[in-house]
Amino acid sequence: MSHTLQAVRGMNDILPEDAALWEELEETLRSWLRSYGYRNLRTPLLEPTALFRRAIGEATDIVEKEMYSFVDELNGEALTLRPEATASTVRAAIQHNLLYGSPQRLYYLGPMYRHERPQKGRYRQFHQVGAEALGYAGPDVDAELLLMCARLWDDLGLSDIKLQLNSIGSPEERLRHRAELVQYLQAHEDVLDADARRRLHSNPLRVLDSKNPQMQAMIEAAPRLLDHLGEASLAHFEGVQQVLKDTGIPYSINPRMVRGLDYYNLTVFEWVTERLGAQGTVCGGGRYDGLFEQIGGKPTPACGFAMGLERLLGLMQESRAREPAAHCEVYVVHQGSAADRMAFAVAEELRNYGLSVLQHCGGGSFKAQMKRADASGAVLAVILGEDEAASGEASVKHLRVAREQVRVARSELPDTVSNLLYVDEGQEAVSELAQPPLN
Ligand code: HAM
């Protein structure tokens, strides 16, 4: 016997029990994005490796050690499974001249791939929803992106997600800061770990992002980029903060935040929660005014964010009691050859009325079929036996409240079914009102 095969480590099957919540979240996300005028962009999961190397930066964790890159044996192309989709979005915008004439607000939702060490909230295949505002110089659009996030937490009933904000200025400002930072780091070389030493010259800013406890005091006292910002950068940063103040969105400035990708300038931000353990960043983003040029386009200002769906779902699951979702509203039980044939027509007819209907397949006794009907979560069973088939009728049994089974002419079945479903909903509403609120 051959051994059983398993999914790739860090890549999860999403089983139907959980997929119901995924679908609910995806629907909420799409209507939220549409309400801000964002339109969907769908790019390939595979891109030329050069795209991510150029966009994300050679000296980042993602490019150095987390990309699923390979050479296509059939034609020698160097390809990479997308670790994020900002680079793909910009590539597509340039390739299809999407910004000709007007700026664009675009969104994507789908799987991303990073070869990280899997743990709770961190996977090798994970899902992001991302919004990218292309062709906007801000700071109004930066602020709008932050308002969007705040509204989503509200829509999803999530609290305790805190906004951290920073400005990393312009490339020139960073260069000036970098010179000072390198000097400072060299003066403290004795406390630098191997990673920091390696990055001292390739990407010193990232040293400030280290979690190594031995380095925290040194990092705390390092020269701050925020102190090197010129007038224009400060005005942009002020502009973003003004809107947050006007609209009452609390935030804190984190001068150490640098983000894990190199394409950012000016505004950078993260939304962080303490309720998810070590992987508490729910959303990250910022401005990337240099990226279009970096991958061969015309200079184009842009800003965006991406959120991890697994992390959002983690928070949603924590904050609500879970009930198994019903598979359907109506379950059709049938026995006898005439009734078996009638079942197809009855089920299709009920679907014409917009109902979700599970038709029993595979035969079995009435008793066994009724057990399946109950397990499906359906509210009603439509029962077709030899009697019903002979008289052109159908029986309807309520599965959730004690009620007489009724028998009606087939022509009356859709009405009877909708009425019973409706009555049940009404009853639920009443019983909900009669109960004390959950918290
Ligand atoms: P990022 O910070 O690398 O930014 O990822 C954004 C979010 O994706 C994170 O905050 C986290 O919620 C989720 N995430 C990242 N890696 C994993 C993982 N291994 N497992 C589970 N969730 C993960 C970007 O990707 C940028 N493209 C965001 C952006 C858009 N900036 C501008 N526009």
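Counting starts at 1 for both ligands and their atoms, in listed order.
- Between the Asp142 side chain and the Cys303 main chain, no donor and acceptor come within less than 3.5 Å of each other.
- Closest heavy-atom approach to atom 15 (C) of ligand 1 within the set Tyr288, Trp271, Phe126, Phe305: this belongs to Phe126.
- Between Val282 and ligand 1, an N or O atom pair is found at a separation short of 3.5 Å.
- In terms of polar-atom proximity, defined here as any N/O pair under 3.5 Å, Thr281 does make such a contact with ligand 1.
- A donor-acceptor pair under 3.5 Å links the side-chain atoms of Arg178 to the main chain of His201, judged by distance alone.
- Residue Arg122 touches ligand 1 through backbone and side chain together, judged by heavy-atom distances below 4.0 Å.
- Among all non-hydrogen protein atoms, the one lying nearest atom 26 (C) of ligand 1 is Tyr263 OH, 3.3 Å.
- The atoms of ligand 1 that sit less than 4.0 Å from any heavy atom of Gly284 are 10 (O), 28 (C), 29 (C).
- Scanning the protein for heavy atoms near atom 5 (O) of ligand 1, the closest one is Gln128 NE2, 3.2 Å.
- Nearest protein neighbour of atom 33 (N) of ligand 1, counting heavy atoms only, is Glu132 OE1, 2.8 Å.
- Contact annotation for Cys283 and ligand 1: only backbone heavy atoms (N, CA, C, O) come within less than 4.0 Å of the ligand.
- For a threshold of 3.5 Å applied to N or O pairs, the pair formed by Gly285 and ligand 1 contains no separation below that value.
- Side-chain atoms of Glu144 never come within 3.5 Å of backbone atoms of Pro139 as a donor-acceptor pair (strictly under, hydrogens ignored).
- Considering only non-hydrogen protein atoms, atom 19 (N) of ligand 1 sits nearest to Glu116 OE2, 2.7 Å.
- Summary of contacts: the protein heavy atom closest to atom 20 (N) of ligand 1 is Tyr123 N, 3.0 Å.
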**OP:** Please report the C-alpha distance between Glu270 and Arg259 in whole Å, then the side-chain angles of each, then the deciding distance to 0.1 Å, and finally whether the salt bridge (Lys or Arg N to Asp or Glu O under 4.0 Å) criterion is met.
**Re:** CA-CA 8 Å; Glu270 286 180 350; Arg259 306 276 301 123; 3.0 Å; yes
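- Distance alone, capped at 3.5 Å, is enough to place a donor-acceptor pair between the Ser356 side chain and the Glu329 backbone.
- Counting only heavy atoms of the protein, atom 27 (N) of ligand 1 lies nearest to Glu84 OE1, 2.5 Å.
- Under 4.0 Å from ligand 1, not a single heavy atom of Phe269 appears.
- The closest donor-acceptor contact from the side chain of Gln369 to the backbone of His360 lies at 3.5 Å or more, if one exists at all.
- Of all atoms in ligand 1, listed by their number and element, those nearer than 4.0 Å to a heavy atom of Gly121 are 20 (N), 21 (C), 22 (N).
- Put simply, the side chain of Tyr184 gets close to the backbone of Met218: a donor and an acceptor are under 3.5 Å apart.
- Using a 4.0 Å cut-off between charged nitrogen and carboxylate oxygen, Arg53 and Glu58 count as a salt-bridge pair.
- Of the possible donor and acceptor atoms, one in the side chain of His398 sits under 3.5 Å from a partner among the backbone N and O of Val401.
- Under the 4.5 Å side-chain criterion, counting only non-hydrogen atoms from C-beta, Val330 is not in contact with Leu358.
- The aromatic ring centroids of Tyr288 and Tyr263 lie less than 6.0 Å from each other.
- Atom 4 (O) of ligand 1 has Arg259 NH2, 3.0 Å as its closest protein atom, hydrogens excluded (heavy atom only).
- Looking only at protein heavy atoms, the nearest one to atom 31 (N) of ligand 1 is Tyr264 OH, 2.6 Å.
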